[in-house]
Number of protein chains: 2
Amino acid sequence: MDEIFGKIGSAQTLSQKIERRIEEAIRQKKLLVGAKLPSERELCEMFAVSRTALREALRRLSARGLIEIKKGSGMYVSELKIKDAIDSLNLYYDLSFDSNLIPQIIEVRRVFEPEIARMAANNRRDKDLDLLLKNIGDLEDCDPDNTQMEADIINKFHLNVAKASCNPIVIITMEPIYSLLPRMRNLIYANVDGEKDFTIKAHRTIYEAIRDKNADKAFEAMVGQINRTLEIYTQYLKK
Amino acid sequence: MDEIFGKIGSAQTLSQKIERRIEEAIRQKKLLVGAKLPSERELCEMFAVSRTALREALRRLSARGLIEIKKGSGMYVSELKIKDAIDSLNLYYDLSFDSNLIPQIIEVRRVFEPEIARMAANNRRDKDLDLLLKNIGDLEDCDPDNTQMEADIINKFHLNVAKASCNPIVIITMEPIYSLLPRMRNLIYANVDGEKDFTIKAHRTIYEAIRDKNADKAFEAMVGQINRTLEIYTQYLKK
DNA sequence: AGATATATTTTGGTATGATCAGTTTAAAGT
DNA sequence: ACTTTAAACTGATCATACCAAAATATATCT
């Protein structure tokens with residue numbers, strides 16, 4: 001119970017208080033997305049603080065993606081993009097990523113992705129199919145020597161499957177994980193003979209299952225795909 | 001290709017440039033975790049900028065969790081906590097939450113959580129068991145009228161299961177989702193007769209399965225628990 | 001000499017006031 | 001009615017001064 005004797009007297013700095021106040025207003029939708037905030041000078045009067053303190057609060061809010069500051073124009077409540085949240089995760093991974101995480105990432109994918117494929121088969125719309133099919137074409141056309149692009153396309157395929165699930169929570173949840181894959185490949189990428197062909201075939205199988213709304217087949221196909229990935233990574237992790 | 005004609009001349013503000021510079025130094029481990037930055041006055045001279053500009057850069061960095069600022073002491077490179085990244089995701093979910101998402105949240109939990117329970121049964125350490133057991137005790141002792149605390153405890157249980165999986169990716173992934181559960185409950189909480197008893201029994205079953213490293217049983221128990229939740233929500237969502 | 005209390009210095013936090021540089025708005029001119 | 005131009009507004013930066021917390025050095029006492 002560290003909470004009991006936690007600080008009472010505002011260990012909080014003035015600019016932090018201001019930050020909270022504005023943040024709360026946004027969270028409680030008192031300030032709607034797109035709304036224009038009063039100007040710095042006005043806010044200073046309203047809060048009865050100096051411009052210094054106020055501006056530092058605003059800088060923090062903009063750093064967190066809550067507001068957008070346009071010189072000469074004003075400050076606006078911005079729609080918090082997933083990107084902001086994901087950037088934050090990416091930064092975290094960037095600083096703490098190490099090869100020990102790779103098996104855990106694979107484990108997560110092994111467990112989650114087949115179920116996502118199943119959801120995709122159940123919920124997909126036609127336009128999701130277009131994206132998947134186009135992606136497979138991109139992979140086929142991709143220069144075999146451009147491993148970076150190849151990796152990107154493959155990741156995009158999995159992300160597209162997630163999108164086809166039509167469940168935004170799934171998409172938001174998986175996107176940060178997929179963003180890690182290129183890093184993994186950079187670490188242990190192996191240009192295994194026939195790997196690309198196998199991937200294309202696997203993707204096609206998954207695509208067809210989703211197209212036919214065959215949930216079980218989609219599930220199984222994804223299991224196969226991930227297991228293959230698992231094998232390759234395991235093999236190269238031993239080195 | 002929006003990139004082609006993108007801005008060249010620093011649409012970047014001075015304080016943003018400073019921010020990037022310091023951020024890069026941290027990313028490239030030129031500044032190690034725990035390292036003390038030069039004082040504000042010193043940095044001003046080094047960058048040849050005013051304190052204002054410098055401070056705003058520092059405020060942003062601290063808002064993003066990259067540095068920690070201690071009044072009277074100095075500024076230190078902080079170990080970016082998962083919490084910072086998760087807070088960002090939480091905020092996003094918080095702002096984009098609406099009741100239409102509830103079925104999709106439940107779907108995600110229905111699909112993911114049983115697998116997480118299985119991982120927990122396979123990987124749990126003894127101290128994870130302590131947490132789970134204590135949590136069940138907390139739920140038993142909890143005032144039945146305090147639905148808020150009850151909800152918090154229940155969420156904590158699921159989070160603890162995720163922690164017992166010993167897979168940090170799972171924890172990071174699920175925590176933002178669990179943080180939404182109290183809000184769901186607030187929307188449609190139903191004080192169903194015997195609901196609490198059922199939950200306690202279910203939690204205990206899950207706990208025992210994890211304790212005994214019985215992965216399949218853990219999986220099934222979690223399925224039962226989530227399905228029950230699903231039922232209740234479905235029932236009350238119709239109203 | 002060692003421990004304690006006190007004073008000084010260092011460091012971040014806040015407040016003002018002035019100036020610069022984009023944007024927007026309103027006025028002037030055609 | 002439209003274009004052009006000037007003014008007003010807004011955020012960005014700078015310089016200075018002073019406050020408050022923390023760390024360090026100094027003095028004091030035992």
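Note on naming: letters A, B, ... go to the chains in the order of the sequence lines (proteins, then strands), and numbering restarts at 1 for each one. Quantities reported herein were computed from a predicted structural model and do not represent experimental measurements.
In this entry the distance linking CD of Glu40(A) with P of dG17(C) reads 16 Å, nearest Å. If you take CD of Glu42(B) and P of dT11(C), they are 6 Å apart, rounded to a whole angstrom. The nearest whole Å value for the distance from the CG atom in Leu14(A) to the P atom in dG12(C) is 18 Å. Whole-Å rounding puts the Lys36(B) NZ to dT11(C) C1' distance at 8 Å. The nearest whole Å value for the distance from the CZ atom in Arg41(A) to the C1' atom in dA18(C) is 11 Å.
For dA15(C), the OP1/OP2 oxygens have a side-chain nitrogen or oxygen of Ser50(A) closer than 4.0 Å.
Chain A approaches DNA chain D over the interval dT10(D) to dT13(D), counting the first and last nucleotide 5' to 3' with an atom under 4.0 Å from its heavy atoms.
Residues of residues 52-62 of chain B having a heavy atom closer than 4.0 Å to DNA chain D, listed by number: Thr52(B), Ala53(B).
Side-chain polar atoms of Ser50(A) and Arg55(A) form no donor-acceptor pair below 3.5 angstrom. For Ser165(A) and Asn123(A), the side-chain atoms include no donor-acceptor pair closer than 3.5 Å.
Residues Tyr76(B) and Leu37(A) both approach DNA chain D. Their nearest nucleotides, taken by heavy-atom distance, put Leu37(A) toward the 5′ side.
In the displayed structure, Glu24(A) atom CD is contacted under 6.0 Å by more than 12 heavy atoms of other residues, nucleotides or ligands. The local environment of CZ in Arg21(A) is sparse, with at most 12 non-hydrogen atoms from other residues, nucleotides or ligands closer than 6.0 Å.
Using a 4.5 Å heavy-atom threshold, the side chains of Ile106(B) and Pro103(B) count as separate. The shortest distance between side-chain heavy atoms of Ile105(B) and Phe97(B) falls below 4.5 Å. Taking 4.5 Å as the limit, some side-chain heavy atom of Arg20(A) sits within range of a side-chain heavy atom of Gln12(A).
Ring pair His158(A)/His203(A) is perpendicular by interplanar angle, where above 60° counts as perpendicular and below 30° as parallel.
Remark: Glu42(A) engages Ser39(A) in a side-chain hydrogen bond (donor to acceptor under 3.5 Å, both in side chains) (not counting sequence neighbours).
For Arg51(B), the listed nucleotide lying nearest its side chain is dG12(C); candidates were dG22(C), dG12(C), dT11(C).
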